[in-house]
Amino acid sequence: MWLLPHAQKQLTIQPFHFEFPRYKAIRRLTGALNSVDSPTIRFTTNKIRQTAINMASERYNAREAEARWQKTWDKAEVFKTSNSDQRPKYYVLEMFPYPSGRIHMGHVRNYAMGDVVARYRRARGFNVLHPMGWDAFGMPAENAAIQNNVHPSEWTYQNIAAMRDQLKIMGLSLDWSREFATCDVAYYKQQQKLFVDFLEAGLVYRKKSKVNWDPVDMTVLANEQVIDGCGWRSGAPVEQRELTQWFFNISEHAPDLLEALDGLDRWPEKVRLMQKNWIGRSEGLTVRFEFETTAPDGSDTLEIFTTRPDTLFGASFMALSPDHPLSAAIAKTNPDLTAFIEECRRIGTSVAAIETAEKKGYDTGLKVKHPVNEGQTLPVYVANFVLMDYGTGAIFGCPAHDQRDLDFANKYALPVTPVVLPENGDAASFKIDQEAYTGEGRIINSDFLDGMSIADAKETIAVRLESVQIGGSPQAERQINYKLRDWGISRQRYWGCPIPVIHCEACGTVPVPKQELPVELPNDINFDKPGNPLDRHPTWKHCACPACGKEATRETDTMDTFVDSSWYFTRFTAPDLEDPTDKNVADHWLPVDQYIGGIEHAILHLLYSRFFTRAMQITGHVGMKEPFKGLFTQGMVTHETYRDADGQWITPADLRIEEGSGIRQAFRLDTGAEVSIGSIEKMSKSKKNTVDPTDIIDTYGADTARFFMLSDSPPERDVIWTEEGVQGAFRFVQRVWRLVDDAVESMPPLDTPQPETFSENVLALRRTTHKTLDAVSNDLEKLAFNRAVARMYELVNSIGKAGKPTSDDGAWALREAIETLVQIMAPMMPHLAEECWQKLGQNSLLATSDWPQVEKDLLIENTIILPVQVNGKKRAELSIARDATKEQVEAAALELEAIVRILDGNAPRKVIVVPQRIVNVVA
RNA sequence: GCGGGCGUGGCGGAAUUGGUAGACGCAAGGGACUUAAAAUCCCUCGGCCUAUGGCUGUGCGGGUUCGAGUCCCGCCGCCCGCACCA
């Protein structure tokens with residue numbers, strides 16, 4: 001039986017409380033006494049020894065050692081990074097945390113990985129920048145303010161203090177001197193300067209747009225905060241409102257943001273693909289259809305966008321978005337249409353609504369002429385499935401080859417004419433009923449397009465329509481459309497960066513002059529009413545117009561918090577500067593060489609940052625457009641879930657697990673009642689399957705927690721947090737400690753020169769050492785932490801198997817092996833490594849030491865073992881000189897007893913020798 | 001619906017990218033030490049068989065190859081992202 005950490009702490013003595021030397025003395029004594037042949041003495045010594053072991057004092061005292069080394073590093077300022085350093089630079093960054101109150105295991109995993117990279121690169125001779133900060137603006141602080149009557153600022157800074165302490169006990173090699181929070185006035189002041197620059201450069205603009213409006217909380221909600229059409233907090237039905245909002249013109253950069261993805265070759269393919277889909281490029285044609293009679297809004301043509309102009313002959317109707325200007329114009333004099341449009345808006349565009357909503361339309365009575373099919377007219381509908389913000393907000397419907405159009409046509413009894421015939425299809429009998437055909441084929445029923453492929457038909461119809469003039473311009477134009485829309489950054493909230501703009505009746509929108517920045521958030525606010533406290537503050541928004549001096553009002557919206565996180569990595573390069581950046585310094589450090597974070601930011605944060613860096617380049621703040629050269633997305637931390645008989649979630653700390661003969665059962669600690677063990681899920685507060693990092697570090701130490709997070713699971717995949725796994729890591733920590741402790745006695749002094757020769761078995765240990773070093777180096781380069789961990793286990797096993805040295809060269813090789821082990825484990829378990837390093841007699845700090853050198857000669861064996869196959873099945877092994885010729889290998893293989901037996905006197909048909917790999921005998 | 005990924009022991013996962021499948025860890029079983037427990041150390045651990053050997057085995061079915069977990073074709077299953085995008 002084992003107990004989960006919380007319970008364990010209550011029931012057992014902490015292993016770290018006892019001093020090592022005391023135990024060592026006892027062990028020496030009992031060792032001597034044990035040799036005496038007397039049952040009484042043996043019994044007594046056993047008692048003494050047990051007591052000593054029970055004191056657990058043999059163990060490495062992580063708690064004491066970790067605090068000590070953290071202090072040492074701190075004092076020596078070994079992680080403080082200078083901007084003027086001759087060594088090559090390396091910028092490693094983990095996505096900065098939101099200060100919610102406590103760190104969670106996801107943070108531990110993220111920062112453990114980043115720290116390994118930082119420490120490894122440092123040892124490899126790079127000048128490493130590894131900073132930390134806080135993504136500190138946002139709604140939770142306001143919610144806390146409302147619920148607990150605490151100022152958002154106070155709540156946030158308290159959380160930051162608590163979380164900083166938690167991070168510090170992890171022993172991360174961070175340059176804390178560069179720390180800042182995005183809610184620091186000094187930071188958002190610079191962000192406001194950037195905003196003003198962007199405004200002048202035309203990168204920001206203001207327009208009316210539809211937003212989700214919560215009428216109870218009186219605020220805009222993000223799409224994610226609208227649940228089943230209601231506000232997530234208030235529960236009130238969300239309204240669609242037209243509000244004037246600030247936008248970044250990210251969509252103008254869509255082509256570049258898309259193309260540049262190809263150059264991000266150190267990004268996960270998956271993330272690049274997600275961004276590609278999000279940007280959503282499609283090539284097509286805008287086509288203008290002539291109305292039979294002029295439309296109510298005075299227009300003579302209706303412009304649509306299509307990617308399938310090849311199906312034009314299959315058109316049977318036109319459809320407008322309910323938000324199309326023409327829809328509104330017709331609705332003015334048409335109450336039925338007004339009602340229909342209202343209904344469409346009510347249903348909204350939530351996921352649930354889209355899945356269940358029927359395709360519906362309203363026939364406006366208008367008709368357009370078919371552009372190429374002489375004499376055909378098409379009815380114009382307003383349809384609920386047409387989006388205003390894509391293409392032109394109007395489409396032509398081709399029911400045979402588009403499922404939505406088919407559903408619509410079936411409902412309103414519109415004609416369905418197939419114009420693409422599948423290969424091997426029969427034109428006479430090909431009918432479309434309930435399922436549209438969207439595949440490849442030959443064009444039919446399409447006059448001059450008949451018989452063409454889809455691609456040829458697209459080109460032909462485009463050329464034809466481009467040559468037709470309507471009202472002085474071509475009827476059709478080729479166009480590239482993007483799904484990416486401009487980034488609306490206005491938030492009707494207090495806890496965000498104020499948008500530095502003043503509204504003046506005479507002068508319009510005037511940016512706050514840079515010398516008057518920052519526009520600071522007022523402190524005297526209250527949350528007793530819903531809505532934006534900035535808006536109802538008695539004095540804050542009233543000011544003089546910077547242009548004319550007359551009375552004016554401040555913008556009371558604040559910026560989306562994604563703006564804050566779109567350039568923090570740049571600010572780290574010069575965190576105290578009185579300008580947003582020092583361009584030279586920023587250009588020195590950027591792009592970030594290795595960025596590490598969760599996949600959940602694959603689109604928003606990473607796309608916004610890419611845009612923002614471009615904007616900063618345009619306004620002269622940085623010299624590049626891509627901020628992150630290498631990106632790594634780590635997996636989540638998961639844990640078993642537990643529920644009691646009532647279905648209540650139970651947290652792991654409140655129960656104990658019993659295990660035996662393959663049966664695992666969980667019981668509540670308080671009542672003893674059995675609890676059912678459920679599926680493995682992402683650690684979350686709602687399922688209570690979280691484990692507190694501080695508990696783990698208290699019990700096992702930071703090195704154990706870090707090491708476990710990096711073991712077993714590949715870093716990009718989810719890792720399952722298990723108590724057994726942590727204990728495995730803890731055992732390894734202790735094992736290394738014992739190994740070093742035992743070995744020190746049989747080691748030569750520090751600067752003993754390397755022996756001239758080594759005996760064969762000593763050489764074997766040296767080979768293992770250098771092979772491990774080589775492999776771990778490669779694994780760390782590729783962030784394959786789990787593989788590196790396995791290699792370290794192997795080396796420890798090998799050193800253990802080698803046993804105590806019996807010769808000088810053996811002793812020397814032992815020191816080499818152990819020093820190497822300590823050095824390669826240092827990035828993962830820095831405290832233990834320093835402790836061992838010191839124990840080995842080293843005076844330097846391992847944190848500032850160089851990575852050991854691989855002796856390439858030792859990677860090559862003189863004698864190798866080749867597997868020998870017969871017909872692809874391994875039958876024997878052949879030990880042979882590495883540089884043996886193919887002929888020699890073949891001859892030796894055929895002489896092997898096992899091979900001779902199998903061949904049974906017959907000559908092999910063929911022998912394949914792959915040098916230094918394998919031998920395959922074809923019988 | 002569209003796009004992408006993944007299927008290897010009881011479990012997490014290795015496998016030099018076509019060359020000894022199961023490294024390393026976890027769990028389990030056995031043993032040593034101990035009055036006992038804990039800790040530690042040693043052994044076993046894909047399956048089957050007539051067991052110092054042999055057969056079989058990487059989701060299923062085929063193919064290419066001297067040789068396939070890896071490549072190709074066709075299925076099955078799971079996971080993720082996007083989604084009324086014309």
Side-chain angles (χ1 to χ4, degrees), chain A residues 12 15 43 46-47 49-50 53-54 56 58-59 269-271 273-274 276-278 280 282 284 304-308 311 319 321 349 351 353-355 357 359 383-387 389-398 401-405 407-408 436 438 481-483 485 599 602-603 659-662 664 708 711-714 717-720 722-729 731-732 734-735 738 775 778 784 786-794 796-797 800 865-877 898 908-914 916-923:
Chain A
T12 62
F43 179 78
N46 278 334
K47 272 286 177 205
R49 172 179 274 190
Q50 282 152 28
I53 293 172
N54 286 344
E58 186 179 15
R59 295 181 170 192
E269 190 54 42
K270 183 182 172 147
V271 173
L273 208 88
M274 280 166 75
K276 192 179 161 195
N277 291 338
W278 185 263
S282 56
I304 59 97
F305 175 71
T306 180
T307 56
R308 292 294 304 273
T311 64
S321 164
T349 52
V351 175
I354 288 163
E355 267 171 13
K359 304 285 170 280
N384 64 351
F385 64 91
V386 181
L387 304 172
D389 45 20
Y390 187 75
T392 64
I395 60 161
F396 82 80
C398 175
H401 306 291
D402 183 294
Q403 192 58 45
R404 290 157 313 170
D405 295 351
D407 293 346
F408 190 84
T438 55
N481 253 312
Y482 295 90
K483 288 188 215 170
R485 283 179 260 155
I599 186 79
I603 294 172
E659 196 158 13
S661 328
R664 293 184 73 232
F708 174 59
S711 315
D712 290 346
S713 290
R717 266 189 243 176
D718 291 353
V719 64
I720 306 169
T722 64
E723 196 68 16
E724 293 91 337
V726 188
Q727 285 174 350
R731 270 200 296 275
F732 185 71
Q734 298 300 342
R735 197 169 155 206
R738 254 183 288 127
N778 289 331
N786 57 321
R787 291 199 306 215
V789 166
R791 296 293 192 169
M792 291 178 208
Y793 272 104
E794 279 175 334
V796 168
N797 289 344
I865 293 171
L866 287 181
V868 181
Q869 296 180 333
V870 177
N871 296 332
K873 280 179 187 158
K874 187 194 161 194
R875 296 295 167 175
E877 280 180 347
R909 252 190 279 168
K910 198 175 171 188
V911 178
I912 290 141
V913 177
V914 184
Q916 288 151 48
R917 270 284 151 78
I918 203 161
V919 180
N920 193 13
V921 179
V922 185

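Letters go in sequence order (proteins before strands), and every chain restarts at 1.
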Notebook entry, point to check: Within the modelled atom types, does a donor on one side and an acceptor on the other bring the side chain of A:Lys270 and the base of B:C80 under 3.5 Å apart?
Noted result: no

Check: Quantified in whole Å, what is the P atom distance between nucleotide B:A36 and nucleotide B:G31?
Finding: 13 Å

Check: When rounded to the nearest 0.5 angstrom, what is the spacing between OG1 in A:Thr722 and CG in A:Asp712?
Finding: 8.0 Å

Item checked: Counterpart base for B:U16, defined by Watson-Crick or G-U wobble contacts under 3.5 Å -> none

Check: What is the glycosidic conformation of B:A51: syn, defined as within 90° of 0, or anti?
Finding: syn

Item checked: Any A:Asn786 side-chain nitrogen or oxygen under 4.0 Å from OP1 or OP2 of B:A23 -> no

Notebook entry, point to check: Between B:U8 and B:A15, how far is it from one C1' atom to the other, in whole Å?
Noted result: 10 Å

Item checked: Among B:C41, B:U20, B:A86, the nucleotide that comes nearest once only the side chain of A:Arg738 is considered -> B:C41

Next item on the list: Describe the nucleic acid contact of A:Asn920 in one word from base, sugar-phosphate, nothing, applying a heavy-atom distance below 4.0 Å.
Entry: base

Note to self: Rounded to whole Å, please give me the gap between CZ in A:Phe408 and C1' in B:C84.
What the structure shows: 12 Å

Checklist line | Spacing of A:Asp405 atom CG relative to B:C85 atom P, expressed in whole Å | finding: 10 Å

Item checked: Side chain of A:Asp712 - closest among B:G12, B:G19, B:U20 -> B:G12

Next item on the list: Looking only at side-chain atoms of A:Ile918, point me to the closest of B:C85, B:U20, B:A23.
Entry: B:U20

Notebook entry, point to check: Picking from B:G4, B:G25, B:C66, which would you name as closest to the side chain of A:Leu273?
Noted result: B:G4

Check: So what does A:Val386 hit on the nucleic acid, given a heavy-atom distance under 4.0 Å: a base, only sugar-phosphate, or nothing?
Finding: base

Check: Which comes earlier along RNA chain B counting from the 5' end, the contact point of A:Ser713 or that of A:Ala729, where each point is its nearest nucleotide?
Finding: A:Ser713

Check: Quick one: A:Asp389 CG to B:A86 P, roughly how many Å, whole number?
Finding: 13 Å

Notebook entry, point to check: So which nucleotide from B:C84, B:A83, B:A86 ends up closest to the side chain of A:Trp278?
Noted result: B:A83

Notebook entry, point to check: Does A:Tyr390 reach the side chain of A:Arg485, with side-chain heavy atoms less than 4.5 Å apart?
Noted result: no

Notebook entry, point to check: Which part of the nucleic acid, if any, lies within contact of A:Gly280, taking any heavy atom under 4.0 Å across all strands shown: a base, the sugar-phosphate backbone alone, or nothing?
Noted result: nothing

Next item on the list: Looking at every strand, decide which applies to A:Gln403 at a 4.0 Å heavy-atom threshold: base, sugar-phosphate, or nothing.
Entry: nothing

Notebook entry, point to check: Less than 4.5 Å apart, any side-chain heavy atom of A:Ile918 and any of A:Gln869?
Noted result: yes

Notebook entry, point to check: Rounding to a whole Å, what distance do you find between A:Lys874:NZ and B:G57:P?
Noted result: 18 Å

Check: Want to settle it: does A:Arg735 or A:Glu794 sit nearer the 5' end of RNA chain B, counting the closest nucleotide to each?
Finding: A:Glu794

Next item on the list: Ignoring backbone atoms, test whether A:Tyr793 places a side-chain nitrogen or oxygen under 4.0 Å from the OP1 or OP2 oxygen of B:G25.
Entry: no

Check: Hey, does the side chain of A:Ser282 come within less than 4.0 Å of B:A86's phosphate (OP1/OP2), counting only N and O?
Finding: yes

Margin query: Work out how far the C1' atom of B:C78 is from that of B:G59, and round it to whole angstrom.
Written below: 10 Å

Notebook entry, point to check: Which of these nucleotides, B:G81, B:A27, B:C66, is closest to any side-chain atom of A:Met274?
Noted result: B:G81

Item checked: Proximal nucleotide (of B:A21, B:C82, B:A14) relative to the A:Pro714 side chain -> B:A14

Checklist line | B:C41: pairing nucleotide in any strand, Watson-Crick or G-U under 3.5 angstrom | finding: B:G31

Check: Does A:Lys873 put a side-chain nitrogen or oxygen below 4.0 Å from OP1 or OP2 of B:U56?
Finding: yes

Next item on the list: For B:G1 versus B:U56, give the span between their P atoms, rounded off to a whole number of Å.
Entry: 41 Å

Next item on the list: Among B:C24, B:U20, B:C85, find the nucleotide with the atom closest to the side chain of A:Ala790.
Entry: B:C24

Next item on the list: Write down the distance between CD (A:Gln869) and P (B:A68), rounded to a whole number of angstrom.
Entry: 9 Å

Next item on the list: Please work out whether B:G9 sits syn or anti, treating a glycosidic angle within 90° of 0 as syn.
Entry: syn

Notebook entry, point to check: Just to confirm, is there a sub-4.0 Å distance from OP1 or OP2 of B:G53 to any side-chain nitrogen or oxygen of A:Arg875?
Noted result: no

Next item on the list: Check for a donor-acceptor pair, side chain of A:Asp405 on one end and backbone N or O of A:Cys398 on the other, with a separation under 3.5 Å.
Entry: yes

Margin query: Measure CZ/A:Phe708 against P/B:C24 and give the value in whole Å, please.
Written below: 19 Å

Notebook entry, point to check: If you measure from CZ on A:Phe408 to CZ on A:Arg404, what distance do you get to the nearest 0.5 Å?
Noted result: 12.0 Å

Margin query: Would you say A:Arg731 places a side-chain N or O within less than 4.0 Å of OP1 or OP2 belonging to B:C26?
Written below: yes

Check: Can you tell me how far P in B:C71 sits from the matching atom in B:G18, rounded to whole Å?
Finding: 8 Å

Margin query: Using the P atom as the point on both nucleotides, what is the distance between B:G19 and B:G30, in whole Å?
Written below: 40 Å

Margin query: Can you check the distance between B:G62 and B:G69, where both ends of the measurement are the P atom (answer in whole Å)?
Written below: 15 Å

Next item on the list: Round to the nearest Å and state the distance from A:Phe732 atom CZ to B:U40 atom C1'.
Entry: 16 Å

Next item on the list: Measure from the side chain of A:Val922, starting at C-beta and using heavy atoms only, and say which of B:G12, B:A86, B:C66 lies closest.
Entry: B:C66

Item checked: Rounded distance [0.5 Å steps], CD1 in A:Ile395 versus CZ in A:Phe305 -> 12.5 Å

Margin query: By the rule that syn is within 90° of 0, classify the base conformation of B:U17 as syn or anti.
Written below: syn

Next item on the list: Any chance you could lay out the side chain to side chain donor-acceptor pair (under 3.5 Å) test for A:Arg735 and A:Asn797, step after step, and finish with the verdict?
Entry: CA-CA 10 Å; A:Arg735 197 169 155 206; A:Asn797 289 344; 2.5 Å; yes

Margin query: Rounded at 0.5 Å granularity, tell me how far CD1 in A:Ile603 sits from CG in A:Asn277.
Written below: 8.0 Å

Note to self: What's the gap between B:C72 and B:U65 when it is taken at their P atoms, as a whole Å value?
What the structure shows: 16 Å

Margin query: So does A:Ile912 get a backbone contact from the side chain of A:Asn920, meaning a donor-acceptor N/O pair under 3.5 Å?
Written below: no

Note to self: Please tell me if A:Arg791 has a side-chain N or O lying less than 4.0 Å from either OP1 or OP2 of B:C24.
What the structure shows: no

Check: What is the distance from CZ of A:Arg787 to P of B:U17, rounded to the nearest Å?
Finding: 11 Å

Check: Is there a Watson-Crick or G-U wobble partner for B:A83 with both distances under 3.5 Å, and which nucleotide is it?
Finding: none

Notebook entry, point to check: Using purine N1 to pyrimidine N3 plus N6-O4 or O6-N4 for Watson-Crick, or N1-O2 and O6-N3 for G-U wobble, each under 3.5 Å, what pairs with B:G22?
Noted result: none

